[in-house]
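Note that the structure is predicted; figures quoted are calculated from it, not measured. In what follows, every chain begins at residue 1, and chains take the letters A, B, ... in the order their sequences are listed.
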2 protein chains.
Amino acid sequence: MRDLANALGIEAASIYSHIRSKEEILQRVCFRMAEEFFGAIEAVKDENASATEQLKRAISAHVQVLTRNTEASAVFLQEWRHLSEPFHTEFLALRDRYESYFREIIRQGIAKGEFQVPDEKFAVLTILSGLNWIHTWYKPDGKMKPAEIAENLSAMLLNGLKTNLN
Amino acid sequence: MRDLANALGIEAASIYSHIRSKEEILQRVCFRMAEEFFGAIEAVKDENASATEQLKRAISAHVQVLTRNTEASAVFLQEWRHLSEPFHTEFLALRDRYESYFREIIRQGIAKGEFQVPDEKFAVLTILSGLNWIHTWYKPDGKMKPAEIAENLSAMLLNGLKTNLN
DNA sequence: ATAACTTGCTAACGAACGTTAGGTTGTTTA
DNA sequence: TAAACAACCTAACGTTCGTTAGCAAGTTAT
């Protein structure tokens, strides 16, 4: 709290005019980011599109959220486990629900013959690992733009999932 | 320290008969795991093998280390940033050196026409993301064995990297 | 047999932490 | 114009934290 206050240019005790507790800050960051992720993925949801296209869009949506909120993303990804109950359980439920979007896309891809994956859950975990690792290296002024990141990640993952590429 | 002492069944103050400081525990975990990773990847290093085979072996080696040391891996991956100087800088140098093994494999793959990747560093970061995310979900008594994890991850990543599969 | 050592204990320490309480000052509202 | 409010301040609090110091008891070495 003192570090945060220093960054804000006020005293730590002053922060309590704006928030109830340190835990509330963590809750807000985590649940707000979760809302961002849900909002983004629901905005690109189109079950008429091919599974390939759906996955590309989901990846792109996720990358946009991460790269637009690099600091909140870092907190979200690294600190959620410090949430107290019942927020911790609630958070895990949200995460599972978000992951189910990806699982459904993979499932459709398998059903349509677009994808060939040995294990659906594993595929989703690996996709999300690639996505959620971005915050460890991405810099707004870095070489790769968010759209390029999404494109490259999609290309790398899809060509691995695509059945008999070419 | 009190949580750790409770797990050990002794008092927190007693731990200081065995270690110099809390920071020393973190250092030992981080640098010991780094040694494990280097040892494992150097043991499978074979520049005569195809880049594909080299990558499979590197992935397998990494997975073995992670799954043999699940708790240390979690500490290693999530807490390294709390290392104090000069250990923090030293650690980053080690990490970069370890990543260079993967970069070299990717580079050879590109040179030999085995791999087609838009960005070499990005490819390595994504590979390592898939590897280092394993600790978040892997359970020794889980459905997937380490060898299967390595195989699945290799299959998923390589078929994405392999130029014109089939 | 005794000294040295190891590994634990209790008690306590100084520092850091999250937060509360009361006050000040400027702003807004009645 | 005065009350209410907002947002900050200082001071302090109780708790938690990492760690030290001195001691006890069992083990090992001389």
Side-chain angles (χ1 to χ4, degrees), chain A residues 1-37 65-66 68-95 132 135-136, chain B residues 1-37 65-66 68-95 132 135-136:
Chain A
M1 295 305 282
R2 286 169 176 78
D3 286 345
L4 187 60
N6 274 340
L8 291 167
I10 59 176
E11 293 290 336
S14 306
I15 296 180
Y16 293 87
S17 300
H18 305 275
I19 52 109
R20 275 187 285 273
S21 66
K22 185 180 184 183
E23 163 91 14
E24 186 182 89
I25 298 176
L26 181 59
Q27 286 166 15
R28 285 195 186 191
V29 172
C30 290
F31 289 100
R32 181 84 199 309
M33 285 301 291
E35 281 176 31
E36 288 271 349
F37 282 115
V65 174
L66 281 179
R68 267 201 310 262
N69 309 275
T70 54
E71 289 169 341
S73 295
V75 172
F76 173 84
L77 289 161
Q78 285 166 350
E79 308 295 340
W80 62 266
R81 52 201 167 83
H82 297 297
L83 285 166
S84 62
E85 291 298 343
F87 304 100
H88 187 268
T89 297
E90 197 177 312
F91 182 84
L92 291 181
L94 279 180
R95 189 179 72 171
N132 291 333
H135 84 96
T136 66
Chain B
M1 294 308 281
R2 285 167 176 85
D3 286 343
L4 188 58
N6 276 340
L8 291 167
I10 58 177
E11 293 289 338
S14 305
I15 296 179
Y16 293 88
S17 299
H18 305 276
I19 51 108
R20 271 187 286 272
S21 67
K22 186 179 184 183
E23 163 93 13
E24 187 184 86
I25 299 176
L26 181 60
Q27 286 167 16
R28 286 194 184 192
V29 171
C30 290
F31 289 100
R32 180 80 200 312
M33 286 301 292
E35 281 176 30
E36 290 269 350
F37 282 114
V65 174
L66 281 177
R68 261 197 321 257
N69 311 273
T70 54
E71 289 169 344
S73 295
V75 171
F76 174 83
L77 289 161
Q78 285 166 350
E79 308 296 340
W80 62 265
R81 47 198 170 84
H82 297 297
L83 285 166
S84 63
E85 292 297 343
F87 303 101
H88 187 268
T89 296
E90 197 177 313
F91 182 83
L92 292 181
L94 279 180
R95 189 178 72 172
N132 292 333
H135 84 94
T136 66

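For A:F76 and A:F31, the ring centers sit 6.0 Å or farther from each other.
A:Y16 has its OH atom 18 Å from the P atom of C:dG22, to the nearest Å. The CZ atom of A:R20 sits 15 Å away from the P atom of D:dA7 (whole-angstrom rounding). In this structure, the CD1 atom of A:I15 is 14 Å from the C1' atom of C:dT20, given to the nearest Å.
Atom CG of A:L83 is separated from atom OG1 of A:T89 by 10.0 Å, given to the nearest 0.5 angstrom.
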Where protein sits on nucleotides 7-17 of chain C, one letter per nucleotide: B base, S sugar-phosphate only, - none, heavy atoms under 4.0 Å: SBBBBB----B
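The two atoms that bring A:R81 and A:H88 nearest to each other are O-CD2, 3.7 Å, heavy atoms only.
A donor-acceptor distance shorter than 3.5 angstrom exists from the side chain of B:E24 to the backbone of B:R20, with no hydrogens or angles considered.
Remark: B:E35 engages no residue in a salt bridge (Lys or Arg N to Asp or Glu O under 4.0 Å) (not counting sequence neighbours).
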